[in-house]
**Student:** 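After the structure tokens below, expect a handful of questions from me.
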Amino acid sequence: MPELPEVEAVVRTLRPLVQKQRIRSVHVLHPIAVKPQSASHLARFATDRRIRCVTRKGKYVLLVLDRGLLTLHFRLDGQLLWFSSPNEFLERANQPKNGVHVDVAFEFGTGVLGFADRRHFGRVHAWESIENSTGLSSLGVDGLSKDFTVARFRELLSASVRPLKDFLMDQNRVAGLGNIYSCESLWHARLNPRRRAGSLKPHESRRLHKAIVSVLARALECCLHPAPDFRDSAWWFQGLEKILRVYGREGKPCRRCRAPIQRVVRGGRSTYYCRRCQK
DNA sequence: CCTGCTACCTGATGGC
DNA sequence: TGCCATCAGGTAGCAG
């Protein structure tokens, strides 16, 4: 459940389920999901704590407790599941027949929240404070926040010599963009992914800022309708493909100028762009 | 400090 | 059908 809009939609769905609830118990079924922390640390930390609020920073979900906080990160394939009772959880989770996969579960008075990721990339961590988490504390300005202004964005761009694509993927500059929405933003802004961040003219950085904001807002709208369904393990965001203009369209005509879309690979990640109209 | 590369895992898909 | 290669929406950790 990767990029910022998807995570935001998850947070909004999760909030009414667990906010103000007390965590009765914690079950770590696959300890790899809490690495490099330990199952006992997470259990000790979270058991009997109340969730003060559910929020988000970049692609991290934050469960702020009455003391400390938990972070959930879905990486590539993680998702949340909701079971209406401990009984339902026991019957459905990690059963050999038709079982849904669960790595970590939090039991509440109203139901059980499962964190699932069969690929075991996703993580659940416990922290005394945000500052204690290197990943969290170094995050840049959130792409959906009010602090993401053109002026701030220009400052960040001018301080970097990296290619725009790498710059946008760097969570420590602007937090929340991943591979898909980086490609999409660059396409909307008509900018070549290889351009150096610091080389943008003022009108170009304004264009890119506007593109990022609108791409994220549009995707979020899409992610909220319909809202995530944690009861259905097969559920996934619908209709995102119809808002994508360039991602995944290698060889197909650019929706602006009809030139074929290029795919280039770096570090195992694909970048899609139009050679003709992204300069 | 910055940058670039690899490891971490599993499942789906497509070519032969 | 089976086998193999490739691909997947991400980040931490490391070397240079």
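Reckoned from all heavy atoms, side chains included, excluding hydrogens, waters and symmetry mates. Fair warning: this is a prediction, and the values are worked out from it, not measured in the lab.
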**Student:** Taking CZ from A/Arg269 and C1' from C/dT6, how many angstroms apart are they, rounded to a whole number?
**Tutor:**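 Atom CZ in A/Arg269 sits about 15 Å away from atom C1' in C/dT6.
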**Student:** Taking pairing as Watson-Crick or G-U wobble with both contacts under 3.5 Å, can you name the mate of B/dC9, or confirm there isn't one?
**Tutor:**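 When the pairing criteria are applied, nothing turns out to pair with B/dC9, so the answer is none.
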**Student:** Looking for any heavy atom pair under 4.0 Å, which part of the strands does A/Gly135 touch: base, sugar-phosphate only, or nothing?
**Tutor:** sugar-phosphate
**Student:** Round to the nearest Å and state the distance from A/Leu72 atom CG to C/dG10 atom P.
**Tutor:** 17 Å
**Student:** Rounding to a whole Å, what distance do you find between A/Trp236:CH2 and C/dA8:C1'?
**Tutor:**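 These atoms are roughly 11 Å apart.
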**Student:** Base, sugar-phosphate alone, or nothing: which one does A/Ile32 contact when heavy atoms must sit under 4.0 Å apart?
**Tutor:** sugar-phosphate
**Student:** Between A/Arg152 and A/Glu155, does at least one N-O distance fall below 4.0 Å, as a salt bridge requires?
**Tutor:** yes
**Student:** What nucleic acid atoms does A/Asp117 come within less than 4.0 Å of, heavy atoms only: base, sugar-phosphate, or nothing?
**Tutor:**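 A/Asp117: no heavy atom of the nucleic acid under 4.0 Å.
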**Student:** Expressed as a whole number of angstroms, how long is the span from A/Arg263:CZ to C/dA8:C1'?
**Tutor:** 11 Å
**Student:** Is any side-chain N of the basic residue among A/Arg266 and A/Asp166 closer than 4.0 Å to the acidic one's carboxylate O?
**Tutor:**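 A/Asp166 and A/Arg266: salt-bridged.
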**Student:** Counting just side-chain N and O atoms, does A/His73 come under 4.0 Å of either OP1 or OP2 of C/dT11?
**Tutor:** yes
**Student:** Identify whether the distance between the nearest side-chain nitrogen and carboxylate oxygen of A/Glu8 and A/Arg56 falls below 4.0 Å.
**Tutor:** yes
**Student:** May I have the distance from A/Asp77 (atom CG) to B/dC8 (atom C1'), rounded to whole angstrom?
**Tutor:**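 Checked: the CG to C1' distance equals 13 Å.
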**Student:** For A/Asp166 and C/dT11, what is the distance between atoms CG and C1' respectively, to the nearest whole Å?
**Tutor:** 14 Å
**Student:** Considering only B/dT3, B/dC9, C/dA12, which nucleotide approaches the side chain of A/Arg173 most closely?
**Tutor:** B/dT3
**Student:** Mind checking if A/Phe167 touches a base, just sugar-phosphate, or nothing, with heavy atoms under 4.0 Å?
**Tutor:**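 Nothing, no nucleic acid heavy atom in range.
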**Student:** Would you kindly give the NZ-to-P distance between A/Lys165 and B/dT3, to the nearest whole Å?
**Tutor:** 16 Å
**Student:** Under 3.5 Å for both donor-acceptor distances, Watson-Crick or wobble: does B/dC1 have a partner, and if so which one?
**Tutor:**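 Across all strands, not a single nucleotide pairs with B/dC1.
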**Student:** Between B/dC8 and A/Phe121, is there a base-stacking contact, meaning the centre of the base's six-membered ring lies under 5.5 Å from the residue's ring centre while the planes stay under 30° apart?
**Tutor:** yes
**Student:** Considering only atom P, compute the distance from B/dC9 to C/dG13 and round it to an integer number of Å.
**Tutor:** 13 Å
**Student:** Would you mind classifying the nucleic acid contact of A/Ser270 as base, sugar-phosphate or nothing, using non-hydrogen atoms under 4.0 angstrom?
**Tutor:**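 Touches sugar-phosphate only.
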**Student:** Any side-chain N or O of A/Gln171 below 4.0 angstrom from OP1/OP2 of C/dG10?
**Tutor:** no
**Student:** Between A/Arg118 and B/dG11, does any side-chain N or O lie under 4.0 Å from OP1 or OP2?
**Tutor:** yes
**Student:** Tell me which one of A/Met169, A/Glu6, A/Arg218 satisfies side-chain contact (heavy atoms from CB on, under 4.5 Å) with A/Tyr181.
**Tutor:** A/Glu6
**Student:** Using the side-chain heavy atoms of A/Tyr272, tell me which of these nucleotides is nearest: C/dT11, B/dT3, C/dA8.
**Tutor:**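 The nucleotide sitting nearest to the side chain is C/dA8.
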**Student:** Here's a test of your reading of the structure: between A/Arg123 and A/Arg196, which maps to the more 5' nucleotide of DNA chain B?
**Tutor:**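 Its nearest nucleotide being more 5', the pick is A/Arg196.
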**Student:** Please give, in whole Å, the distance from B/dC9 C1' to A/Phe74 CZ?
**Tutor:**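 Checked: the CZ to C1' distance equals 18 Å.
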**Student:** Can a donor-acceptor pair be found, under 3.5 Å and without considering hydrogens, that links the side chain of A/Arg195 to the backbone of A/Lys279?
**Tutor:**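 Pair found, side chain donor or acceptor close to backbone of A/Lys279.
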**Student:** Measure from the side-chain heavy atoms of A/Leu76 and tell me the nearest of B/dT3, C/dG10, B/dT10.
**Tutor:** C/dG10
**Student:** Could you work out which one of B/dT3, B/dG4, C/dG10 sits closest to the side chain of A/Met169?
**Tutor:** C/dG10
**Student:** Choose from C/dG10, C/dA12, B/dT3 the nucleotide whose nearest atom is closest to any side-chain atom of A/Glu3.
**Tutor:** C/dG10
**Student:** To the closest 0.5 Å, what do you measure between OG (A/Ser233) and CG (A/Leu80)?
**Tutor:** 12.5 Å
